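Everything on this sheet refers to the single structure shown next.
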Number of protein chains: 4
Amino acid sequence: MAKTRKSIKEQAHAHRGQIPKGARKEEIIRAAAKLFSQKSYHDVTMDDIAEKVGVAKGTIYLYFDSKENLYLEIMEETYEEIESILERETAKSDPAPLKLKKVLGLIFKFYLQNLDVLRILSRDETHLIREHYEFTEHWRLRRIKLYEKILEKGINEGSFRPFKTELTALIIFGLVRSVMFYYKSEKSAESIAEEVFSMISEGILAPGYEKAEAARM
Amino acid sequence: MAKTRKSIKEQAHAHRGQIPKGARKEEIIRAAAKLFSQKSYHDVTMDDIAEKVGVAKGTIYLYFDSKENLYLEIMEETYEEIESILERETAKSDPAPLKLKKVLGLIFKFYLQNLDVLRILSRDETHLIREHYEFTEHWRLRRIKLYEKILEKGINEGSFRPFKTELTALIIFGLVRSVMFYYKSEKSAESIAEEVFSMISEGILAPGYEKAEAARM
Amino acid sequence: MAKTRKSIKEQAHAHRGQIPKGARKEEIIRAAAKLFSQKSYHDVTMDDIAEKVGVAKGTIYLYFDSKENLYLEIMEETYEEIESILERETAKSDPAPLKLKKVLGLIFKFYLQNLDVLRILSRDETHLIREHYEFTEHWRLRRIKLYEKILEKGINEGSFRPFKTELTALIIFGLVRSVMFYYKSEKSAESIAEEVFSMISEGILAPGYEKAEAARM
Amino acid sequence: MAKTRKSIKEQAHAHRGQIPKGARKEEIIRAAAKLFSQKSYHDVTMDDIAEKVGVAKGTIYLYFDSKENLYLEIMEETYEEIESILERETAKSDPAPLKLKKVLGLIFKFYLQNLDVLRILSRDETHLIREHYEFTEHWRLRRIKLYEKILEKGINEGSFRPFKTELTALIIFGLVRSVMFYYKSEKSAESIAEEVFSMISEGILAPGYEKAEAARM
DNA sequence: TATGAATGAGTATTCATTCAT
DNA sequence: TATGAATGAATACTCATTCAT
């Protein structure tokens, strides 16, 4: 799917000979990201964005083909950045548990540095933009794949119990999103990652309780 | 908050003397829920709903004061039902782990029976309806509170390790939503609950790895 | 025009064999009149009226063909009553000044007794009801005609100066409406009529000033 | 439509440079005023106005926040203009009768020049726009105050009889409105003012009749 | 590149009127 | 007579997008 999908960036202005300079475009992206993080897609108007950037509405259309594309381009840019960070990390040959902990740390760090956009991503506005269910879906699956790989590696290494990686990846995906979005804390990304990793790795049961009591249930 | 907030249901038609027959209202709710589960709030028009139910648009307004209220009433009805189911369960004197497993089972069961509406709830359309951030927030906090209580009970009983219940409740909340929404499986609610509970309770680390290896990280 | 116009009352239910009893109809008229006096034609809904009378909305349509007819019937009933009172008075052989004063007294008396409906008449909602400009126009002209007759009589008698009766009738019509609608006073209808008549008959100029000074202007 | 057929107006503007800033707004005001003078507030739709101006509906909203605001802006503009004309006149040190006559002349002159808008003002659509009773009320009171001042001045000068200025101002207010609205005549504003002033100042009674006969009543 | 006036399809909501019971 | 659920045409307002300058 990642191969057939044409990236929003590539699509935009595919018909134009000129590629506009990036400065103004970045300005627009930043302003729009800020607004989209505060209000929903439909509640942010092109007027809002134009006013925030301090340009005329028409100017936005010199850089983006549509509101939808602007929105998706913001998301794509962010997805690409975090995903490439994560993939660079997972390319290393660390043992799976360490790898997972590092990944969590990078996610939370990226989150703290990009609160605005992440707030958008955390929302599930998939359906907001009619034709683009596949877009969010694509990135979700990619992330889940990444978790699955780490989990499989761990199982092979013997550091993880043999469980169904599909479900577990889904679990990690969901809990990370929840923590990112709702956990109010002054802690550093690393220490949040540490806490979360501890729960994921050891579970909630008290040691010893596991075998003896759980059996009775 | 739950006490001062006037429920959408109570508000609706507070001015009418007569309560219209429930059948037509249920029809509308069902059709609307179906549509809201497929498209976003803004992409579902009152015309869509009317057409789906097979009535004139005005008819909907005999039963609901506004589109927003229709939407919220669907959500409230569902929230109330599942929450009351869960609270009835947690009132029992089961040990915490069993309690948690049962709760998970009930959630997944309810989910399988109410796919449409749950798909709406799973989305975070909080911002879509400007004034109603508090609405979703209210129910999210209530669910998290429920998890926290079970976790505290378990810690006191000694069945759960002593961790921060706030973060852990958030983690469970997020992973459950993710599984509910994305896990495609033919399994029964109970067996999904079993699997999820197993991950939550034991974690992903292989037994024995925990102490020896984790220390090296 | 007065001859060709078919009265609203006559039109209503001309096609029915049964004439419903007047009681329920009167109830509706009273309630509607009250509401129309408080809000404008368009701001009063058939629901409002039905609720106020305490019947179902459909019931109103058993007595009136349309909202418009209900409105016009209220006005017609009132117009007819006051106009017949005035015409009975003008049929008497009083001298013109006394006749005028009596007419003013009757108008203000009727007004004080029918505040609600008069408030509607005082408003000029002529244009509110598309096709019925002629309706208000008809009654306005009838009233003006009545004033003109009195004025002509006075001029013939020598009690009034010879002026253009058309303009003067218009003047009296306008000032009476203004006093009716805006004069807040605890006085009796007769004493208001007395005051108004005094202004109409003597004017505002101080005696003596008239000839000497007015000439200089 | 605008694409295939070029209207006369568009052609006219084509060779000019820009349409002046306030021009479009004035166009809308003029068209709307015309329509509001023919039909009531509720019977004039934004579509009507847009069609009359020859622009899209949205264009109106570039210049006015709402239909209500458009309506009120028309009224306010007119009120302000005539009222400032009148107040400039009354600031002069003419004797009261002359002042009154001049004021009447200015009103009728303004009326003849602004038939459309004045027809709106003459109507009492106070209640049509719920929140804006106070608006019309404000301007009515201001006009009445103006009359009262002139009347008081006249009484002090000795040119007017000592009467109640409140009632008399109300009388003048009403009769002027009536003449403005209903008097069909080819006469000039000055000559209408002259006639009306004559009635106001001298009254209708024949000289000499006043004392002798009126007493008998 | 940039502008911003203009567009017009799209939508929630209202309410007089009807009609089966 | 009476009901009241159902109707659907009507309407103010929005906002992404276009285009002449």
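Numbers restart at 1 for each chain; the letters A, B, ... are given by sequence-line order, proteins then strands. None of the values given here were measured: they were computed from a predicted structure.
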Residues in salt bridge (charged side-chain N to carboxylate O under 4.0 Å, His left out) contact with [X], at least two apart in sequence or another chain:
X: B:Glu51; answer: none
X: D:Lys57; answer: D:Asp47
X: C:Lys34; answer: C:Asp116

Grab the [atom1]-[atom2] distance between [X] and [N] for me, whole Å please.
X: B:Ile28; N: E:dA12; atom1: CD1; atom2: P; value: 15 Å
X: A:Leu70; N: F:dA16; atom1: CG; atom2: P; value: 11 Å
X: B:Ile60; N: F:dG8; atom1: CD1; atom2: C1'; value: 12 Å
X: B:Leu62; N: E:dT13; atom1: CG; atom2: P; value: 14 Å
X: B:Tyr71; N: E:dT11; atom1: OH; atom2: C1'; value: 18 Å
X: B:Lys67; N: E:dT14; atom1: NZ; atom2: C1'; value: 17 Å
X: B:Asp43; N: E:dT11; atom1: CG; atom2: C1'; value: 12 Å
X: C:Lys39; N: E:dT14; atom1: NZ; atom2: P; value: 13 Å

Only counting residues at least two apart or in another chain, list the ones meeting side-chain contact (heavy atoms from CB on, under 4.5 Å) with [X].
X: A:Ala33; value: A:Ile74, A:Val117
X: D:Glu77; value: D:Glu26, D:Ile29
X: D:Glu76; value: D:Glu80, D:Phe135, D:Trp139

(request) Scan residues 44-51 of chain B against DNA chain E and write down, sorted by residue number, each residue with any heavy atom closer than 4.0 Å; if none is found, say none. (result)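 Listed by number, they are B:Val44, B:Thr45, B:Met46.
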
(request) Output all residues satisfying side chain to side chain donor-acceptor pair (under 3.5 Å) with C:Ser66, sequence neighbours left out; order by chain, then residue number. (result)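 C:Ser66 satisfies side chain to side chain donor-acceptor pair (under 3.5 Å) with no other residue.
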
(request) Using a 3.5 Å limit on both pairing distances, list the dot-bracket string of DNA chain E from the 5' end; Watson-Crick and G-U wobble pairs count, crossing pairs take [ ], interstrand pairs take |. (result) .||||||||||||||||||||

(request) List the steps, then state whether side chain to side chain contact (heavy atoms under 4.5 Å, CB included) holds for C:Arg24 with C:Leu62. (result) CA-CA 10 Å; C:Arg24 175 57 52 95; C:Leu62 296 176; over 6 Å; no

(request) Quick one: label B:Lys57 by what it contacts on the DNA or RNA (base, sugar-phosphate, nothing), any heavy atom closer than 4.0 Å. (result)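 Base, at least one base atom sits under 4.0 Å.
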
